[in-house]
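Every heavy atom of this structure was used, including side-chain atoms; hydrogens, water molecules and symmetry mates were not. Each chain gets a letter, A, B and so on, in the order its sequence line appears, and its residues count up from 1.
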2 protein chains.
Amino acid sequence: MSHIKCKGHCLTCPVRNRSIFSDIPESTLEETIKDFHTSVITFESGESIFRQNEDSSESAYTLRKGLIKITKSLPDGRVQIVRVLVAGDLFGMDGFGYENYNHTATALTDAEVCRLPLQDLTTLRQNHREVDASIMSRFVKNLRQTENMVLELGAKRASEKLASFILRLSQADNKSALNNGDVWLSLPLSRAEIGSLLGLTIETVSRFFSDWKRKGFIKESKSTLQIIDAEGLKEAACSEGSCDE
Amino acid sequence: MSHIKCKGHCLTCPVRNRSIFSDIPESTLEETIKDFHTSVITFESGESIFRQNEDSSESAYTLRKGLIKITKSLPDGRVQIVRVLVAGDLFGMDGFGYENYNHTATALTDAEVCRLPLQDLTTLRQNHREVDASIMSRFVKNLRQTENMVLELGAKRASEKLASFILRLSQADNKSALNNGDVWLSLPLSRAEIGSLLGLTIETVSRFFSDWKRKGFIKESKSTLQIIDAEGLKEAACSEGSCDE
DNA sequence: CGACCGATTGACTATTTTCAAGTGGTGTGG
DNA sequence: CCACACCACTTGAAAATAGTCAATCGGTCG
């Protein structure tokens, strides 16, 4: 069950330096948020934070711990993962233009979020130019990522989608920590979820993974993944000519 | 050739009431923009306004006349249309977070845009809450549309993509003017462009169109399109069970 | 041990693309 | 005014790609 812990404590927030509050100096932070109605809420894996077309978009959220998937679904039950959120990400800002959320947010792991009423966020934006800039920048980043997703889904074939997904994963990981050479990446998504992210079936995902393991491009054990031969992967992904970025 | 006409004249702007300036009263409009460095620029069909990863994202744009396509492309030349802009749309706001544009904007028809330096836009946002709200709302709308695109491309099959594209077109048209019953919609996109928007080949698009014409669901003549049987279309698009929104 | 669940694999099918040929309309130059 | 080229679109046949269905594997948990 989801559980409201308490009012958020920014100073001890695990994503303090990655959140939209990162540019507010510690000295004025308490003062800034003292009238805000923030809540820290925990969710178990599988629980939804809000639902497409159902929940009122009164609050935005910051992910403090865990992973969350943003999904959209068709009436017949087909589900598309639109984006995967990591700690520090701001999400659920539909309220700036609409009454309800356009997508569903579901915890992929046990997760902890900070709920921030849009009204407070608006006040914050007006009083803190850095926060406003940070939010704008996140909007742009978000939009760009989603546009990139459109390119991935619309223009690439299965092997290309999968290969660039894996390579992107390794890039994201390389940024987050110092990594030398061969690294085990955590792969928090099941085959079904990878499929749902890339518009493929479980079987198709599984087949290419198996193929690439046999060819020695990747290794896998217990939801971690190792890229042995990135070049091989890239070539395998491209049928013939140059293809991936 | 693209051609800079002059400094923009908001009062006589054809999209005055649909632009982000719509909520600024006429009485203060001239005063508000007097120090801005806006330009009205015309483009011939096929010319690009800015290019993915090449042009510096110093300015945002408002489309005054014509149609523009936003595209992303792969190194091997495959192109994906991400969105089609209509008069009044604000675009090219990458500068709020990045140095360059993430996509290419190309005129689909002869077009006229108003260029607005991001610096001016920032000033405007700070001084006019309505404009700020309008921009936020457009960001959200944009993001939602792009997310919807991700669902279309990732979760639907060809016939479903095409059918919902046509039905969406008719909805957009119904909103813009009073229309009773059977209406001829303008279809400004070629088969190739529709394909590029939906992640399909020219031939696939052509085949379904032909099929639906034979079945009497749609009629077409000279880049206009008429929906005869929307229900038929919906059912044709859905293989079996319920599928479309 | 047995049930269960995610992943794998094979055989088959459906869908979509590719390649190729042909149609029809439009505009240009002789 | 006709011949011609050009272009977008259409259509057919074959091939590639991805999906479906079904059986199986392997690990985990009670």
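Looking at heavy-atom distances under 4.0 Å, Gly199(A) makes contact with sugar-phosphate atoms alone, never a base.
Between Ile202(B) atom CD1 and dT16(C) atom P there is a gap of 17 Å when expressed in whole angstrom units. When rounded to the nearest whole Å, the span between NZ of Lys222(B) and C1' of dG25(C) equals 9 Å. Rounded to whole Å, atom C1' of dT16(C) lies 14 Å from atom CD of Glu160(B). For Leu198(A) and dA18(D), the CG to P distance is 12 Å, given to the nearest whole Å. Distance, Arg157(A) CZ to dA18(D) P: 6 Å, rounded to whole Å. One atom, CZ of Phe208(A), and another, P of dG19(D), lie 9 Å apart when rounded to the nearest Å. With rounding to whole Å, Ile218(A) atom CD1 is found 13 Å from dA7(C) atom P. One atom, NZ of Lys161(B), and another, C1' of dT15(C), lie 11 Å apart when rounded to the nearest Å.
With Tyr98(B) as the aromatic partner, Arg144(A) meets the cation-pi criteria of under 6.0 angstrom to the ring centre and within 45 degrees of the ring axis. Cation-pi geometry between Arg191(B) and Phe209(B) is met: under 6.0 angstrom from the ring centre, within 45 degrees of the axis.
For dT8(C), one of the phosphate oxygens OP1 or OP2 lies less than 4.0 angstrom from a side-chain nitrogen or oxygen of Arg191(A). The phosphate of dT11(D) has OP1 or OP2 within less than 4.0 Å of a side-chain N or O from Ser210(B). Contact check, Lys213(A) against dT8(C): a side-chain N or O comes under 4.0 Å of OP1 or OP2. Within the structure, every side-chain polar atom (N or O) of Arg78(B) is placed at least 4.0 Å from both OP1 and OP2 of dT17(C).
Look at Glu152(A) and Arg168(A) and you find a salt bridge, because one of the NZ, NE, NH1 or NH2 atoms lies within 4.0 Å of a carboxylate O, short of that distance. Salt bridge absent: Arg207(A) and Asp211(A) never bring a charged side-chain N and a carboxylate O closer than 4.0 Å.
Distances from the side chain of Glu203(B) to the nucleotides dT11(D), dT10(D), dA18(D) place dT11(D) closest. For Ser206(A), whose side chain is taken as the heavy atoms from C-beta onward, the closest listed nucleotide among dT16(C), dG19(D), dA7(C) is dA7(C). Taking the side chain of Leu200(A) as heavy atoms from C-beta on, and the options dA20(C), dT9(C), dG19(D), the nearest nucleotide is dG19(D). Closest contact between the side chain of Ala158(B) and the listed nucleotides dT9(C), dT16(C), dT17(C) involves dT16(C). Taking only side-chain atoms of Thr204(B), from C-beta outward, the nucleotide of dG19(D), dT18(C), dT16(C) with the closest atom is dT16(C).
Glu193(B) places a side-chain N or O within donor-acceptor distance of the main-chain N or O of Ser190(B), the cut-off being under 3.5 Å.
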